[in-house]
Structures are given as structure tokens and as C-alpha cells.
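Working notes, beginning with the structure itself.
What you see is a predicted model, and the numbers here were worked out from it, not measured in a lab. Lettering of chains follows the sequences in order, A, B, ..., and the numbering in each one begins at 1.
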Amino acid sequence: MAPRPESTRPRRSRGRGASANDRPPSESLSREQLLALYYWMRLTRTLEERLVALYRQTKVVGGLFRSLGQEADSVGSAFALERRDILSPLIRNLGSMLVKGATPLEILRQYMAKGDSPTRGRELNIHFGDTDRGFIGQISPLGDMVPVMAGVTLSFRMRGEDRVGLVYIGDGATSTGAFHEGINFAAVQRCPLVVIVENNGYAYSTPTSRQTLAASFVDKAIGYGIPGHKADGNDVLAVYDVTKRAVDHARRGKGVTLIELMTYRRKGHAEHDNQSYVPEGEIERWERENDPLTRYVARLTGEFGFTASDVEAVDERAHVEIDAATDQAEASPPPEALDSLIGVYADPPAAEPLWFREGIAQAVTSHERPAGWGTSNVE
Amino acid sequence: MAPRPESTRPRRSRGRGASANDRPPSESLSREQLLALYYWMRLTRTLEERLVALYRQTKVVGGLFRSLGQEADSVGSAFALERRDILSPLIRNLGSMLVKGATPLEILRQYMAKGDSPTRGRELNIHFGDTDRGFIGQISPLGDMVPVMAGVTLSFRMRGEDRVGLVYIGDGATSTGAFHEGINFAAVQRCPLVVIVENNGYAYSTPTSRQTLAASFVDKAIGYGIPGHKADGNDVLAVYDVTKRAVDHARRGKGVTLIELMTYRRKGHAEHDNQSYVPEGEIERWERENDPLTRYVARLTGEFGFTASDVEAVDERAHVEIDAATDQAEASPPPEALDSLIGVYADPPAAEPLWFREGIAQAVTSHERPAGWGTSNVE
Amino acid sequence: MSSKATEVPTTGGQEITYLEAIREALFEEMESDENVFCMGQDIGVFGGAFKVTEGLQARFGPQRVLDTPISEIAMVGAAAGAGHMGMRPVVEMQFIDFIANAYDMITNYVATARYRAFLPCPMVIRGPSGGYVRGGPFHSQNPEAGFIHTPGIKVVYPSTAADAKGLLKAAIRDDDCVLFFEHKYLYRRIRDVVPAGDHVVPIGKARTAREGTDVSIITYAATVWKALDAAQQLADEDGLSVEVIDLRTLSPLDDEAILATVRKTNRVLILHEDTRTGGIAGEITARINEQAFAWLDAPVLRVTAHDVPLPYAPSLEDFVLPQTSDIVRAVRQLAAY
Amino acid sequence: MSSKATEVPTTGGQEITYLEAIREALFEEMESDENVFCMGQDIGVFGGAFKVTEGLQARFGPQRVLDTPISEIAMVGAAAGAGHMGMRPVVEMQFIDFIANAYDMITNYVATARYRAFLPCPMVIRGPSGGYVRGGPFHSQNPEAGFIHTPGIKVVYPSTAADAKGLLKAAIRDDDCVLFFEHKYLYRRIRDVVPAGDHVVPIGKARTAREGTDVSIITYAATVWKALDAAQQLADEDGLSVEVIDLRTLSPLDDEAILATVRKTNRVLILHEDTRTGGIAGEITARINEQAFAWLDAPVLRVTAHDVPLPYAPSLEDFVLPQTSDIVRAVRQLAAY
Ligand SMILES: Cc1ncc(C[n+]2csc(CCOP(=O)(O)OP(=O)(O)O)c2C)c(N)n1
Ligand SMILES: Cc1ncc(C[n+]2csc(CCOP(=O)(O)OP(=O)(O)O)c2C)c(N)n1
Ligand SMILES: [Mg+2]
Ligand SMILES: [Mg+2]
């Protein structure tokens with residue numbers, strides 16, 4: 001496991017003239033941490049590539065959602081949190097979850113709807129969480145996690161805990177009432193919350209120009225009376241810097257910050273989407289000129305003095321880990337049918353099987369199964 | 001009936017140097033129109049005073065909501081519309097409705113839940129509308145009229161009609177998801193809509209400082225990519241000017257404008273509210289220094305050269321009209337019980353009385369009535 | 001404000017109103033568990049639109065009695081988030097009608113949190129409900145049917161002061177989300193003796209409001225009182241012995257109590273103030289059919305509101321809502337079947 | 001995209017899928033009435049998440065096939081406003097589950113507009129509904145129970161291609177708001193012959209999907225097909241004659257058709273995919289009790305989903321949802337009663 005932010009060791013001594021506040025926080029990252037950022041991005045990409053292979057083998061149940069080209073946004077922002085902090089990821093924040101301690105094995109089991117997956121087969125893809133490790137799983141209705149994270153961080157404030165929350169929102173999801181109510185509530189209650197708008201150009205097929213007339217999502221900050229910052233979402237260190245400052249701001253009791261990260265969704269909304277609505281050459285240009293991994297590797301091997309083989313070692317490590325996790329996940333069993341009745345309430349602890357299921361075993365083994373998936377684009 | 005904007009006759013010739021766009025639209029108002037503005041404000045206030053009297057006589061069913069001190073905001077803004085335009089009033093926009101053609105008689109019958117009231121006793125107070133005269137009644141859930149008016153004005157745009165919509169929203173109601181979704185939708189669809197935030201300092205007992213951290217509601221405009229303007233809501237001509245410009249902008253196909261009108265709610269949320277939460281002296285200061293009628297009378301008799309008896313004639317006329325309307329409204333019958341079953345759907349046109357009501361007449365005449373109102377603060 | 005306001009005394013053994021009972025429950029639970037806090041519109045200094053929370057902020061401070069923006073989605077979502085972290089929020093809807101704005105957050109987020117994510121939502125959403133008060137279509141609603149349909153949510157609707165206190169305390173201590181509907185017609189009209197001490201009424205248990213042997217009326221909330229009036233009239237005028245069951249909890253339903261009264265009287269009237277189609281009476285009828293069909297000597301009948309939005313004028317509201325005379329007529333029909 | 005996309009041909013007399021039938025209805029109504037327009041997320045160039053609206057924007061332009069922000073409240077509210085002005089908007093929910101976000105706007109604004117303000121809302125809200133597709137808790141819902149409870153709203157849920165087309169055309173022409181639920185499991189699995197010409201199926205009329213004399217199954221949407229499978233199995237294995245009623249419209253319910261089948265078979269099973277408690281089966285049971293109790297030779301029974309959020313893994317989803325084997329077992333029980 002790569003070092004986490006807790007084990008910060010300053011990479012270089014402070015510049016004499018600049019005050020601590022002016023200098024980008026990333027300048028204090030250790031060499032291990034610099035490499036860790038790359039590791040998490042690579043692990044994200046390798047894991048998603050493996051998921052594509054499994055999807056093609058029809059081993060994934062339901063849709064597959066990629067964050068290709070957005071890995072820096074997830075990884076850089078989550079890396080700015082302490083372990084005790086809590087984030088709420090979206091469908092393209094696989095990288096954030098890995099940084100926060102989710103394992104590839106969990107992700108693989110989730111996508112394959114296994115009985116020992118984190119939700120025991122109850123929920124889709126990366127919809128899961130663990131408050132101990134500090135992430136709370138999203139639900140599909142967009143925007144809802146903003147009010148929820150307002151409440152999570154309200155509890156931090158009420159209890160005087162030194163903890164911060166981070167919630168992501170897509171460019172598209174900023175149009176929901178839940179986003180608006182949640183960020184306004186958090187702002188006026190001075191909750192220690194960072195809200196990151198991930199502007200990846202599209203909401204499904206809808207370009208941002210049909211989502212809002214605002215020139216920038218960061219322009220929404222002033223309407224909530226909070227600071228707003230915009231950053232290059234494909235520069236992992238820029239993401240880390242802007243997030244870290246907002247996290248520190250929240251931790252100092254200064255309340256909510258809105259961050260807009262500029263990035264690009266290089267894959268379709270989900271794997272089935274052929275992106276026919278994307279102007280020609282747009283995807284290729286982003287791939288060629290603005291891949292977050294390529295860009296970061298250049299800095300690692302350039303200004304930070306890592307060697308190509310340092311980088312390759314990380315790639316190799318990611319591959320080995322994903323291979324091992326895949327083998328383990330594939331061997332996992334499906335959930336037991338009766339588990340479906342457990343835990344809707346704390347009390348009663350389980351629902352009763354309905355009367356027409358008296359011969360339960362038989363009902364389950366002889367049930368019909370759909371001939372194929374009715375939809376390939378569930379999200 | 002006082003002259004409406006349609007009958008505009010320029011009050012003075014255009015200043016030589018200034019272009020038409022720079023000069024406040026109010027400079028083009030005729031003397032009749034200048035006096036009409038006062039008439040509508042006075043009519044509003046006199047009607048509300050009459051309602052207070054009726055409320056004390058327990059002739060009003062339910063709560064009573066005042067716009068005392070906010071009359072300029074309603075009247076000045078509604079006056080900027082043409083007859084074919086549509087506005088959606090809130091509980092404190094009695095003045096807007098009067099300008100748009102609602103009559104005191106209708107208002108009185110509504111408040112007394114009469115059978116010949118505009119809603120035949122189905123809805124409360126000023127919750128009614130008439131698309132022919134160009135106003136649509138609100139419902140209680142705050143914020144909902146913003147999406148509705150987005151749709152009304154979307155239809156204007158789709159059909160190429162030369163019509164504009166105006167919707168009000170309270171400082172408090174800006175916190176609703178419906179407001180956010182509606183204004184964003186209207187903005188991005190370039191609907192010919194003017195959105196007026198009436199900042200009267202309070203939402204029920206909640207001061208704006210606990211509603212939002214924003215310094216100004218007009219700061220929300222940039223987040224929707226639309227122009228925003230702030231004006232003195234207690235200066236009826238300033239209100240007219242800022243609204244007229246936004247209306248013209250919308251009529252030219254330029255889309256949505258957000259306007260913030262600064263005003264003050266001098267009465268409680270409803271008549272029962274004792275305003276215990278208001279800092280001492282605040283109400284009195286506004287009454288003394290910033291009453292919209294007093295201020296306007298000073299301008300009428302000052303720079304506009306009307307006489308005190310011109311003004312008194314308007315006051316007298318308002319009184320006479322309200323007296324007549326009151327007599328008529330008090331004589332109105334309550335609704336017929338069976339009317340309650342008519343018109344939920346176009347088809348079927350009426351619901352059947354339930355079987356246990358076979359002896360309908362008897363059921364209705366022998367029904368129990370509550371000993372008193374369970375709540376005095378319904379809204 | 002009354003001088004009582006800042007004290008919020010706990011009575012016990014005394015006669016208090018339904019509204020005071022609710023306030024006492026809030027007060028006692030906030031006293032005994034620092035994780036309990038309240039949020040809502042105007043609940044702080046102002047004490048809420050109906051003054052239910054009057055005095056609470058003075059006692060517990062603005063951190064624990066929190067005035068929110070007009071944001072029902074955010075209030076419910078924030079309560080869920082705080083609940084995940086171990087708090088026990090109590091959210092006030094200024095009128096329960098506005099719970100509709102949070103329907104997604106309640107049914108999709110809150111109701112599923114434990115099941116899909118093993119996250120607790122120990123929270124209460126409470127507010128003034130119901131009609132008979134000339135509130136019109138948006139200040140008179142009974143939203144229970146929209147929620148008993150949602151697994152993961154509990155629904156409670158008391159009719160007496162004692163139950164209001166005891167059920168609210170149980171709701172606050174429950175580890176799941178409880179919708180607590182308060183009938184505003186009863187707020188100041190009903191007063192009864194609330195047992196002293198830590199009076200908790202278990203969720204999921206109905207109450208026999210009046211014993212009887214000829215016909216059963218199953219109901220809850222304000223219409224319990226109408227059923228009792230009708231039962232008395234039927235006893236006086238017809239010599240009929242009518243049993244009145246006050247459900248108290250609507251989700252989960254107390255099947256045992258329902259079946260017991262069916263087996264006892266063999267004739268059942270279900271009474272609710274909510275509109276007819278899709279109201280909870282249908283669900284109860286189905287359960288009786290499935291589990292006690294052989295005990296029925298007559299069809300299960302319903303007395304409910306008419307299927308229209310609730311109008312405002314007294315003559316209209318009275319016609320639309322169920323009245324005692326309707327209950328009398330329906331029971332007579334059942335008894336004669 | 002298929003070449004068909006930009007044409008949206010109207011067939012008639014041919015076998016087409018349930019999904020194509022919906023697209024045809026939209027196409028034909030937009031052709032014949034310029035006030036009809038569509039709005040929704042990604043319905044334009046992309047043709048919608050399920051491609052229901054594919055080709056419509058190419059045919060009618062972006063003014064009449066409008067991509068909206070992710071704003072269900074605004075979509076529904078704007079449709080109501082446009083409806084007041086004489087337009088006939090058709091709103092697509094990307095998945096019907098997100099209709100929960102517009103619950104206030106639908107139940108409070110739209111449903112009451114005609115009654116309280118004499119304002120028409122001639123609009124349709126449509127979207128992919130239902131389970132059996134491994135969609136998990138937020139892409140599989142059947143939200144009908146939350147809306148049949150609301151006076152002022154109509155609810156339609158077809159099971160065949162012919163009905164999908166005919167009912168959608170009726171819904172678009174209706175002068176009130178119609179919720180049009182499309183079962184996504186049926187989109188591409190069901191194909192049947194749709195009558196040529198202007199095929200309109202009246203709202204409020206059920207359909208006898210299979211005639212029978214021993215037991216009635218009352219159902220709708222995807223479970224119609226399971227009921228038909230079960231009926232065949234029961235005929236083959238038990239010699240039972242099972243009648244299957246496809247409700248088609250859930251609000252208003254076709255009481256006549258329901259009572260007719262009760263009087264015919266005297267034994268009724270109500271089947272729905274929705275969760276059990278508070279589902280529409282309760283309402284139907286109550287109506288049968290009230291209007292045809294004397295005709296019942298057995299209790300009205302229900303086969304439904306279990307009362308849990310719908311889980312995602314195949315083994316869990318299959319257990320929670322009703323299956324043909326459940327129906328067979330329940331009908332046998334009824335027949336033997
Ligand atoms: C309330 C709601 N409406 C619609 C959807 C369907 N939906 C799922 S993802 C999506 C697009 C989201 O776009 P964005 O917020 O920009 O996130 P991105 O996928 O680009 O990361 C839509 C419309 C939803 N999940 N929730
Ligand atoms: C969605 C919703 N929540 C709560 C209420 C209860 N309520 C009615 S008026 C009001 C205050 C409104 O304040 P504001 O918007 O500032 O308008 P003002 O009364 O000051 O004109 C509240 C909270 C409501 N009507 N709708
Ligand atoms: Mg996006
Ligand atoms: Mg205000």
C-alpha cells in the first residue's frame with residue numbers, strides 16, 4: 001500500500017521568501033507521496049481496463065462506467081483528505097475510493113454482484129461505502145449526496161470534531177434541486193465541506209452549454225456566499241493543491257468552498273454509449289494532449305527526477321494487484337436468495353418470505369431468468 | 001379604472017443628449033400613469049386594511065397576509081407588463097394582481113371563501129388566477145411557480161408570441177430546489193422571463209442571514225449566466241424602471257433577468273404573528289423613513305406637480321371602491337357542498353358522492369363543524 | 001410568548017394537550033441524549049408555526065435547535081447524513097404537506113440506506129398534518145399512503161396526548177427513520193393524562209380505544225374521535241356495541257390487533273380522513289381478506305374522504321371529509337348485513 | 001444509429017416491438033398536432049437512454065424535441081406551464097425512478113391545477129419502469145402506488161405493443177396529466193401486431209388477456225406475461241381455466257371489468273410486481289369487497305414483490321420479485337379453497 005497523506009514528509013524545505021500560505025501545498029509532498037499519486041491513477045485505469053474485459057465477457061452485471069481521462073480529478077482531490085475525513089464519490093470517482101481505502105477486490109466483486117461484495121449484491125457497481133475508511137456510497141438520483149454530506153459535516157461541526165467532508169457533483173447534476181438546497185444549507189450552516197464540480201463537458205449526451213448558461217460553474221460560488229476556485233482537473237498536483245487549500249479552510253472552521261475542476265469524459269456515459277453526439281476529433285485531442293497520466297509521468301520523470309523504471313514498477317505493481325484481485329473475485333459466490341430479506345430495518349431484523357414462497361428452495365431454483373439484459377445503460 | 005401601460009403617452013419629450021436606452025423608462029410615463037401607480041398602491045393598502053377589519057370580525061376564513069410597506073414592489077413591477085404578458089404573484093403581491101386586473105371584490109370573496117369567489121371557495125386568500133387577464137395563481141409549496149412560469153414562457157418562445165412572463169420569489173423561497181431548477185431551465189432555454197427576488201428581510205421569522213450566506217440575492221444571477229439588477233423596492237418608479245428594462249430585454253429575445261428588490265415586511269408573516277423575533281425599532285424605522293406610499297406622495301406633490309387634493313381624490317376613490325366591494329362580497333353565499341366534487345378531471349367531469357352520503361342533503365346539513373380554527377397561521 | 005416558553009416543563013401524571021405532549025417528548029429526549037437535535041424552519045426563537053418547539057432553543061441553544069433555510073430536501077438529507085454519524089435528528093416540516101418536496105430523499109435515500117449500504121438513519125420527520133381546519137389543499141394533507149408503501153420507513157400517527165408523547169419518544173429512540181404525523185386539529189383540542197416518568201409507547205402496537213362486540217371500526221388520528229362519537233351514538237340509539245381500534249402505527253401495521261378485532265366482531269369498517277383510492281384502508285382490507293376471510297360476516301367497508309383535493313370553504317371541506325354521521329350510517333349498514 | 005432513426009416510420013398492421021410502438025405514437029401525435037412536443041434528458045440527438053425518441057429530433061427539430069437540464073422538478077413544472085397555454089408536452093423521465101424528485105410538482109401543482117384554478121395540464125410523463133433487468137434499487141421501480149392515490153392524475157401501464165401505442169396516443173390527447181409507465185423489460189422482448197390507422201386505446205378500460213372460468217388473475221404490465229405463462233401451465237397440469245385481466249389503466253380503475261371477472265370466477269388473485277404493502281392490490285381488494293363480496297368463494301389473494309428495496313444481483317432480484325411459480329402456487333391454493 002502506498003503511503004497516505006498522514007505520513008507526510010516534506011519533499012523540500014520551504015522557500016525562503018514565500019509564506020507557507022502562498023506556496024502550493026503539493027510542494028510539501030514527499031517523494032513517496034508523489035509516486036503514490038501516480039500509483040492511484042494507474043491502479044484506477046488498470047482496474048477499469050480489467051472491468052472492460054470482464055464486461056465483454058458478460059461477467060459484469062449491468063453497466064460499466066469509466067473515468068478514463070479523469071483519474072487526476074478523483075485521485076488528486078481525495079489525496080488532500082485525512083483518513084478521518086469523509087468523502088462521497090460519484091460513478092466516476094473510482095480513484096477517490098481507492099485512495100480512501102476501497103480495494104480492487106471489493107470493486108470487482110461489486111461489479112460482478114457477488115455475495116461477498118461490500119453490499120452483498122444489493123447495489124450496483126461502485127455504489128458502496130465505509131464510514132470507517134471515510135467514504136459514503138452514492139445513490140443514483142443525482143445531487144442527493146450534497147444534502148447528505150451537509151449533514152455529515154454538520155455533525156462534525158456540532159461535535160467539534162476536527163474532520164472535513166468532500167462531495168463531488170457532475171456538471172449535469174448541478175442542475176438538480178438537491179445540489180442547490182444542499183450547498184446552500186451547508187454554506188449557511190458553515191459546515192466543513194468541500195464541494196467539487198467535475199466539469200467533464202458532458203452529462204450523458206448533454207453538453208454543458210445545454211445544462212447552464214453560466215460561463216463557469218465556479219460562478220455559482222458567490223451566489224452561495226462562499227469562495228470558489230477553478231483548477232485544471234487533469235493536473236493531479238493542481239487538483240491536490242486546490243482541494244488541500246479548501247480542506248484546510250474548512251478545517252479552520254471557515255466553511256464551504258466550491259471548486260470547479262476542468263476535465264473531460266473520454267468514454268461514453270457508460271460502456272454501451274457510442275458517443276455519436278461528440279464533435280469529431282474532440283476525444284482524440286484530449287487523449288493526445290491532455291491525458292492526466294501521460295502529463296504526470298512527464299513531470300515525474302522530468303522535474304521530479306524519477307526514472308522510467310520507477311514508473312514501470314508502479315504499472316507492474318498495479319497489474320499484479322488487479323490480476324490477483326480478479327482471480328479472487330471471480331471465485332466469489334453469488335448472494336444467497338434469502339439474504340434479500342435481511343436488514344431493511346434494525347427492528348424487525350428481517351422480512352418474512354411471502355406465503356406463496358413456502359417451498360422457498362424450489363421457488364428460487366426454478367425461477368425464470370430474463371433471456372438477456374433489458375438495458376445495458378443502467379445508471 | 002386607471003390607465004394601464006398600454007395607453008402610454010409620453011410625459012415629457014426626450015432629453016436631447018441621452019439616448020432612449022439610457023433614460024429611465026419611467027420618464028415616458030404619462031401623468032395619468034404616474035397617478036395610476038399611486039392608485040394601485042393605495043388600493044392595495046386600503047383593501048388590506050379592510051381585510052384586517054374583516055379578519056377581526058372572523059369573517060376571513062384562515063390567515064391574512066399583508067404586504068404593508070411592500071406595495072411599491074408589487075405595483076411597480078406589474079405595471080411594467082403589457083396586458084398580454086403573464087405574471088405569477090405570491091402571497092404578498094396583491095398589488096400586482098390588482099394591476100393585472102383582479103378586482104377587490106374577487107379578493108374579498110376569496111378571503112371569505114364565498115361560493116362566487118374566483119375559485120368557488122376551493123383555494124385560500126389570493127391563490128387564484130386568470131390567464132386571460134394575465135396572472136396565474138400560486139400554490140403554497142414555495143418555489144414551484146418558477147418552473148411553471150418557465151413553461152409558460154417557453155410556450156411563448158416556441159410559438160413566437162410577443163409575450164413576457166414575470167415571476168416573484170421570496171428571499172426565503174430562493175432556498176428551494178424548485179427555484180433553482182426553474183430559473184436554470186428558463187435561462188438555458190432563453191425563455192422570456194423576469195424573475196424578481198423580493199428581499200423583504202425575513203422568511204416568516206428567519207432573517208436572510210440564516211437563509212443564505214450570499215451578500216446579495218442578485219449575486220445568484222451570474223451562476224445562471226443571466227444579467228442581474230438590484231433596485232430599491234420601496235421606490236415605485238425605480239421598481240418600474242428595473243422591471244421594464246428586464247421585460248424589454250426578454251421581449252427582445254434576450255432571455256431571463258434576475259432582479260432583486262430591497263424592501264421590508266412591516267407586518268408579521270401572517271396577521272397572527274407578533275414579530276417577537278424582530279429587533280426593536282426596526283419596523284418603526286422602516287415605517288418612518290421608508291414607506292413607499294409616503295415616499296411616492298412626496299414625489300407626486302413635489303417634482304411631478306400634483307396637488308394634495310389630487311392625491312386625496314385617489315384615496316377617496318379607493319375607499320369608495322372597497323366599501324362597495326365589501327358590501328357585495330359580504331352578501332355572497334357560501335359554496336354549495338356538491339360543487340366540491342366537480343372538475344378534478346376534464347373527463348369524468350365530476351366524482352360521485354360516496355355511498356355513505358346517500359342522504360346527501362342531510363349529511364351536509366348535519367355535519368359537525370370544528371369548534372374553532374385549529375390554526376391561525378395557515379400558509 | 002408565555003412565560004412557560006423558556007422552561008418546557010415536564011409534567012407526567014397531569015392532563016396536558018396533544019401539542020404539549022409532543023413538546024415534552026422533544027424536551028425529555030434532548031435532555032437525556034445529547035445526540036438528539038431538532039431542525040426546521042422557524043423552530044428556534046419563534047418556536048415553530050404552531051409553537052410546538054417553543055422554549056426549546058432557549059433551553060438547548062441554537063446549535064441543537066436549528067433554524068434551516070426553506071429546503072425540505074436539504075433538511076431530510078442532512079438529517080440522514082447526521083444520522084449516519086450517530087446523531088438523532090428530529091426534522092420539523094412546517095406543514096406536513098411540504099414533505100412531498102423531500103419524497104425522493106426519503107423514499108430513495110433514507111429508506112434504502114440501511115439495506116443497501118448498512119448505514120443507519122435514526123431520524124424523525126414530524127409535522128402538523130390533517131384537515132378539518134379550513135387549511136385548504138396544501139395545509140391539510142394526510143400523506144401516510146405515500147409512505148407506508150416504502151419499505152425502510154416507519155409511520156406513526158397518534159390520536160391522544162399520551163400516545164403523542166410516548167410514540168414520539170419511541171420514534172426518536174428508533175434506529176430507523178420514523179415519520180411522525182401530528183394531527184393539527186388535535187393540537188389544542190385534545191388533552192389527557194400522560195403517565196409520569198419515562199413514558200414510551202412501542203411502535204407497531206395498536207390500541208383498543210373502545211371495546212365492543214358487534215362491529216369494529218379501525219382508524220387512527222383525528223377520526224378516532226369521530227369513531228368514538230359515532231360508537232356512543234350507535235350505543236345510545238341502536239344498542240350497538242362498537243369496538244374502536246386506534247392503529248397508532250401505520251407502518252408496520254399491527255396485524256395481530258387487526259385480526260383480533262375481526263375475529264371478535266366479524267364486521268369491519270375502516271375509517272380514514274385521507275382520500276379513498278390508494279388510501280391505507282385498501283391495504284388493511286387485503287390483509288383481513290388474506291388472514292381472516294372466514295371470520296367475515298360482511299364485506300369490509302370504508303369510510304374515507306372523497307377523491308378530490310381538499311377544498312378550503314367550510315361547506316366544501318365538511319362535505320369532502322368523513323363526518324360522524326357517515327360513520328353512523330356505515331356501521332348501521334354493516335350491522336344489518 | 002440505424003438508418004431508420006431519422007425516418008420514424010409509421011407501420012400499422014405490422015408486428016413491432018413495444019418500444020417501437022411508443023416511438024410511433026410519439027411520432028404520429030407530433031405529426032398531427034403541432035402543440036405536442038417532447039422534453040427530457042438526452043432525448044434529442046442521442047434519442048434517449050433507451051432510444052425511444054430516436055429520430056424524433058431529426059424529424060421535428062430541437063424546438064419540439066428538447067434536451068433539458070437534469071431537473072425533474074423543472075421539467076414537470078414547465079410542462080404544466082406550457083400545458084396551461086395550450087401545449088401538450090410529453091416529458092421523459094430517463095428512468096421512471098426519478099419521478100420521485102418531481103413528486104411535489106406532480107401531486108401538489110399538476111394534480112390540483114384544474115380543480116383549484118381551472119387550469120388544464122394536458123401533459124404526459126413517461127419513462128422506463130419496472131424490474132427483472134438487474135437494474136438495482138434505483139432503476140427498477142414501479143411508482144404507480146405513489147400516484148394512484150392522487151386525485152387529478154391518471155396512470156397507465158401497458159403490457160402489449162398495441163396497447164403501448166394506443167394508450168400513449170390517448171394519453172397525449174387527454175386533457176389531464178397522464179403518467180405513462182413503460183415496462184423496460186418489455187421494450188424489446190414484446191412484439192405484436194398494432195392495428196393500422198389511428199389506433200387509440202381508451203384510458204380506463206381493462207382488457208381480458210385470456211378468458212377463463214375457474215380463477216381470475218388481475219394484473220398489468222410485465223406480470224401479465226407471467227400470468228399468461230402460469231395460466232397455460234395450470235391448464236396443462238391441473239386442467240384449470242384461468243382468466244387473466246390486464247388492467248392497462250391503473251387510475252381510474254375499470255371497476256366494471258374487475259367486478260365482471262369476480263362474478264364470473266368467484267376467485268381472484270391480484271398480481272403485481274410492486275412491493276406488497278400499500279401496493280395497488282389493496283385498493284382492488286377493497287373495491288371487490290365493497291361491490292362483490294357476496295360473489296367471493298375465497299379470499300382475494302395477492303402475489304407481489306417482497307417488501308424490500310429491489311436488490312441488484314440476479315439471485316436476489318429473482319427472489320424478491322414475483323415469478324411464474326409463485327402464481328401457479330397461489331392459483332392452486334385459490335382453486336382449492
Ligand atoms: C435525478 C436524476 N435524474 C436523472 C438521472 C439519470 N442520469 C444518470 S447519470 C446522468 C448524467 C450525469 O451527468 P454529470 O452530472 O455531468 O456526471 P458525469 O456522468 O458527467 O460524471 C443522468 C442524466 C439520475 N441519475 N438522477
Ligand atoms: C416548500 C415550502 N416550505 C415551507 C413553506 C412554509 N412557508 C410559507 S411562507 C414561508 C416563508 C416565506 O418567506 P419568503 O420566501 O421570504 O416570502 P415572504 O413571506 O417574506 O414574502 C414559509 C417557510 C412553504 N409554503 N413551502
Ligand atoms: Mg459531466
Ligand atoms: Mg421574505
Side-chain angles (χ1 to χ4, degrees), chain A residues 141-147 150 154 169 171-193 195 197 199 203 206-228 230 249-250 253-258 260, chain B residues 141-147 150 154 169 171-193 195 197 199 203 206-228 230 249-250 253-258 260:
Chain A
L142 294 166
D144 283 11
M145 301 313 296
V146 182
L154 179 70
I169 186 92
D171 47 284
T174 61
S175 299
T176 61
F179 161 74
H180 173 71
E181 292 199 6
I183 191 170
N184 182 60
F185 182 104
V188 79
Q189 291 294 339
R190 293 191 169 70
C191 297
L193 180 64
V195 180
V197 179
N199 185 350
T206 305
T208 51
S209 60
R210 280 208 293 277
Q211 200 69 238
T212 179
L213 274 193
S216 255
F217 290 96
V218 76
D219 287 346
K220 293 183 181 289
I222 187 174
Y224 300 109
I226 55 174
K230 192 167 179 165
H249 183 82
K254 301 290 182 68
V256 180
T257 300
L258 180 72
E260 177 178 8
Chain B
L142 295 166
D144 284 11
M145 299 316 294
V146 182
L154 178 70
I169 186 93
D171 48 283
T174 62
S175 299
T176 61
F179 161 74
H180 172 72
E181 292 198 6
I183 191 171
N184 182 61
F185 182 103
V188 79
Q189 291 293 339
R190 290 189 171 70
C191 298
L193 181 64
V195 180
V197 179
N199 185 350
T206 305
T208 51
S209 61
R210 280 209 292 277
Q211 199 70 239
T212 178
L213 274 192
S216 255
F217 290 97
V218 75
D219 288 346
K220 292 183 182 290
I222 187 175
Y224 300 110
I226 55 175
K230 192 167 179 164
H249 182 82
K254 300 291 182 66
V256 180
T257 300
L258 180 72
E260 177 177 9

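- Under the rule for a side-chain contact (heavy atoms from CB on, under 4.5 Å), the partners of A:A186 that lie at least two apart in sequence or sit in another chain are A:A150, A:C191, A:L193, A:V256.
- Within the 4.5 angstrom heavy-atom criterion, no atom of A:Q189 approaches chain B.
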Could you list the donor-acceptor pairs under 3.5 angstrom formed by side chains in residues 214-221 of chain B, with sequence neighbours left out?
unit_1 : atom_1 : unit_2 : atom_2 : d
B:S216 : OG     : B:K230 : NZ     : 2.2
B:K220 : NZ     : A:G223 : O      : 2.8

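- Across A:R190, A:R210, A:Q211, the residue that shares the most heavy-atom pairs under 4.5 angstrom with chain B is A:Q211.
- Not one N or O on the side chain of A:H180 forms a donor-acceptor pair closer than 3.5 Å with the backbone of B:A178.
- By number of non-hydrogen pairs under 4.5 angstrom with chain A, the leading residue of B:S175, B:G255, B:G143 is B:S175.
- Between the CG atom in B:L213 and the CD1 atom in A:I222 there is a gap of 12.5 Å [rounded to 0.5 Å].
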